[in-house]
Amino acid sequence: MKLKRFPVLLEGGSSLDWLEASYMAKVDIIGSQAMVVHQLDGAPQLDRLVESGEAQWITEFRCPRTLLSRETRSSERTQRIVWNEEETIDQMFLVPGLVAVAELVLDPSGLNPFGWLSSISVEVPSGWWLARAQARRVKPLVASLVRFRRDTNLECGRMAVNEVTEGGNPYFVVKMASDLYEKRKDCRDIQIAGLIGACARLPYSSMGRDTQGQDREHHDHALAQELRHRFEKAQVADWTSDQFDPAQAATLLEAFHVPAVGEVE
């Protein structure tokens, strides 16, 4: 049985269902809440569905480790999303978009004529995502990759890096000598130094490949995929390449701050 498909407007224009329409979500995260602003252009058909109550703006909150999935819906383009930290473990994501809240008929004008006939309206089932943004990580990428901890066994001024795969999620622990941890843990340059060390470990980590070129356990983990996407977008070699440069990779993720002329350091 052939599955019926329905049009979806994806953030970034990766969907070929629409000719000129665009959708994006602006997400600001502070603590355990987020403000989401939905931005839709070139699709008056979708605007009319919101006005008629047949569609609503939606933000889904996901926590894969606890199997938590909660939706917040609204007829307003600005949404406030709140979650309880006690319900979550490890990574959390926000997925904004526009969803059909009833079976509806979509005006095909504006859809790509190579996939949709302009003379035939499109019947869309309730619950279908009419527009969908890319998932937003609640915790910043670098915070998911690197964690800083005190190590009383290290001599003054020293740090070391090792990988941890706790609960099936890989990350790097930057161990810092007590004096360094107490006095300079929050120094940006020290944190970037630890990030460079973590990036240097990537080729030998569970997200890399073994000596026979076979993918290790977490080669396709969501964190690894997101890192590779960031590097590819910036045209920087990732850790599977002989051209991989840990310093370049780390400072792509978190650049050193260079004071402007007259700025106090």
Side-chain angles (χ1 to χ4, degrees), residues 10-12 14 25 27 29 32 34 59-71 81 83 85-97 129 132-149 151 159-176 191-255:
L10 295 179
E11 185 177 38
S14 58
V27 180
I29 299 172
S32 58
T59 299
E60 181 184 1
F61 176 79
R62 298 176 181 173
C63 180
R65 284 285 303 280
T66 60
L67 302 181
L68 174 64
S69 176
R70 181 180 296 130
E71 296 179 350
I81 314 300
W83 57 90
E85 296 287 353
E86 295 181 356
E87 296 179 304
T88 63
I89 300 175
D90 202 59
Q91 298 181 49
M92 297 166 281
F93 301 90
L94 294 171
V95 186
W129 288 67
R132 188 172 66 223
Q134 298 174 358
R136 303 296 203 275
R137 181 189 293 274
V138 172
K139 184 186 295 184
L141 177 60
V142 171
S144 296
L145 179 65
V146 177
R147 303 178 191 182
F148 294 86
R149 294 178 184 168
D151 189 331
M159 67 167 55
V161 180
N162 69 284
E163 184 190 19
V164 174
T165 55
E166 184 178 66
N169 290 300
Y171 60 90
F172 295 96
V173 171
V174 177
K175 296 179 289 186
M176 307 173 70
Q191 292 179 347
I192 293 176
L195 180 59
I196 293 173
C199 286
R201 299 281 294 176
L202 277 169
Y204 316 101
S205 71
S206 65
M207 292 179 279
R209 291 174 175 160
D210 62 25
T211 54
Q212 282 73 45
Q214 299 298 312
D215 295 347
R216 292 197 177 100
E217 179 183 4
H218 294 116
H219 182 269
D220 290 323
H221 188 277
L223 176 60
Q225 292 184 30
E226 188 170 351
L227 285 168
R228 284 196 293 269
H229 174 72
R230 291 281 294 273
F231 295 154
E232 180 181 1
K233 186 176 180 180
Q235 297 183 325
V236 169
D238 69 26
W239 59 95
T240 62
S241 169
D242 292 337
Q243 304 304 312
F244 179 62
D245 183 337
Q248 183 184 35
T251 51
L252 166 66
L253 299 174
E254 288 288 342

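Any value given below was found using the heavy atoms of this structure, including those in side chains, with hydrogens, waters and symmetry copies removed.
Residues meeting the salt bridge (charged side-chain N to carboxylate O under 4.0 Å, His left out) test with Glu71, sequence neighbours left out: Arg73. Applying the salt bridge (charged side-chain N to carboxylate O under 4.0 Å, His left out) test to Glu60 and every residue at least two apart in sequence or in another chain returns Arg62. Remark: Arg201 engages no residue in a salt bridge (charged side-chain N to carboxylate O under 4.0 Å, His left out) (not counting sequence neighbours). Annotation: salt bridge (charged side-chain N to carboxylate O under 4.0 Å, His left out) contacts of Arg209 (sequence neighbours excluded): Asp215.
Sorted by first then second residue, the salt bridge (charged side-chain N to carboxylate O under 4.0 Å, His left out) pairs that include residues 217-229, not counting sequence neighbours, are Arg137-Glu226, Asp220-Arg228. Sorted by first and then second residue, the salt bridge (charged side-chain N to carboxylate O under 4.0 Å, His left out) pairs involving residues 234-246 (not counting sequence neighbours) form an empty list.
Within the model, atoms CD1 of Ile196 and OG1 of Thr251 stand 6.5 Å from one another, a figure rounded to the nearest 0.5 Å. Phe231 CZ to Thr240 OG1: the interatomic distance, rounded to the nearest 0.5 Å, is 10.5 Å. One finds the CG atom of Leu145 at 9.5 Å from the CD atom of Glu163 (value rounded to the nearest 0.5 Å). Here CZ of Phe172 is found 10.0 Å from CG of Leu195. Values are rounded to the nearest 0.5 Å. Atom CD of Gln248 and atom CG of Leu253 lie 11.0 Å apart (nearest 0.5 Å). For the atom pair SG (Cys199) and CG (Leu227), the distance works out to 7.5 Å, reported to the nearest 0.5 Å.
Nearest heavy atoms, Gly194 versus Phe148: CA-CE2, 4.4 Å. Nearest heavy-atom pair across Arg136 and Ala25 is NH2-O, 2.5 Å. Taking both residues in full, the closest heavy atoms of Ser206 and Arg216 are given as O-CB, 3.3 Å, listed atom of the first, atom of the second, then distance. Nearest heavy atoms, Phe244 versus Pro203: CD2-CG, 4.0 Å. The minimum heavy-atom distance between Trp83 and Ile81, with the atom names listed, is CZ3-O, 3.7 Å. Residues Ala255 and Ile192 come closest through the heavy atom pair O-CD1, 3.6 Å.
In this structure, the side chains of Phe61 and Thr59 stay at 4.5 Å or more apart for every pair of heavy atoms. Side-chain atoms of Ile29 and Leu94, non-hydrogen and from C-beta on, do get closer than 4.5 Å to each other.
Arg230 places no side-chain N or O within donor-acceptor distance of the main-chain N or O of Leu141, the cut-off being under 3.5 Å. Side chain of Trp239 to backbone of Met207: a donor-acceptor contact under 3.5 angstrom is found.
Donor-acceptor pairing under 3.5 Å is lacking for the side chains of Thr66 and Glu87.
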